[in-house]
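Numbers here simply count residues along the sequence, with the first being 1.
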Amino acid sequence: MLVTLATLLSELKINLLICGGIGAGIQNALSETGITLCDGVSSSVDAVVSDLFSRTLAYNPNVYCNHHGHCIKDKHGCIGNKNSCHK
């Protein structure tokens with residue numbers, strides 16, 4: 001599934017993914033397809049876009065999600081459980 005998602009994003013010519021915390025599996029799959037990952041971002045979409053265009057986007061590559069089964073709203077990610085993403 002992770003490789004398929006990374007491949008799909010690559011086929012859609014996505015070359016940058018900005019997100020909060022994601023798991024190591026998808027991080028590796030994205031890396032293998034050449035997609036640049038800016039993870040550990042925690043701000044509003046407007047602020048992120050502004051920071052991206054001004055080349056001041058701050059991100060933390062040491063943030064990852066490792067509790068996919070414990071998320072309240074989204075069983076496949078960190079939405080709904082702020083304790084799922086760790087530094």
Side-chain angles (χ1 to χ4, degrees):
M1 173 73 172
L2 300 176
V3 172
T4 303
L5 176 60
T7 301
L8 174 64
L9 293 174
S10 180
E11 288 172 355
L12 292 171
K13 307 294 185 215
I14 304 297
N15 59 12
L16 173 69
L17 178 65
I18 301 170
C19 63
I22 62 173
I26 189 66
Q27 288 176 345
N28 293 335
L30 290 167
S31 176
E32 290 174 7
T33 60
I35 296 173
T36 300
L37 178 62
C38 296
D39 54 345
V41 175
S42 60
S43 189
S44 71
V45 173
D46 290 337
V48 169
V49 171
S50 176
D51 290 350
L52 178 66
F53 287 132
S54 67
R55 300 183 184 267
T56 60
L57 180 64
Y59 63 97
N60 182 350
N62 296 316
V63 172
Y64 62 94
C65 180
N66 66 355
H67 290 89
H68 295 287
H70 300 284
C71 296
I72 296 169
K73 293 182 182 177
D74 179 1
K75 296 295 182 191
H76 302 288
C78 290
I79 298 170
N81 186 349
K82 293 178 182 174
N83 294 326
S84 291
C85 296
H86 304 280
K87 291 182 181 180

Hydrophobic cluster membership, Ile35 vs Leu12, 4.5 Å side-chain cutoff: yes
Let me confirm one number: the OG1-CG distance from Thr4 to Leu8, rounded to the nearest 0.5 Å. 8.5 Å
According to side chain to side chain contact (heavy atoms under 4.5 Å, CB included), who are the partners of Ser43, at least two apart in sequence or on a separate chain? Ala47, Val48
Heavy atoms only: give me the nearest Leu16-Cys38 pair and the separation to one decimal. CD1-SG, 3.7 Å
Contact list for residues 11-24, test side chain to side chain donor-acceptor pair (under 3.5 Å), sequence neighbours left out: none
Kindly compute the distance separating OG1 (Thr56) from CG (Asp51), expressed to the nearest 0.5 Å. 4.0 Å
Taking only residues two or more places apart in sequence or in another chain, which ones pass side chain to side chain contact (heavy atoms under 4.5 Å, CB included) with Leu37? Leu17, Cys19, Ile22, Gln27, Leu30, Asp39
Please check if Ile14 and Ile18 belong to a single hydrophobic cluster, counting links between Ile, Leu, Val, Met, Phe, Trp and Tyr side chain heavy atoms closer than 4.5 Å. no
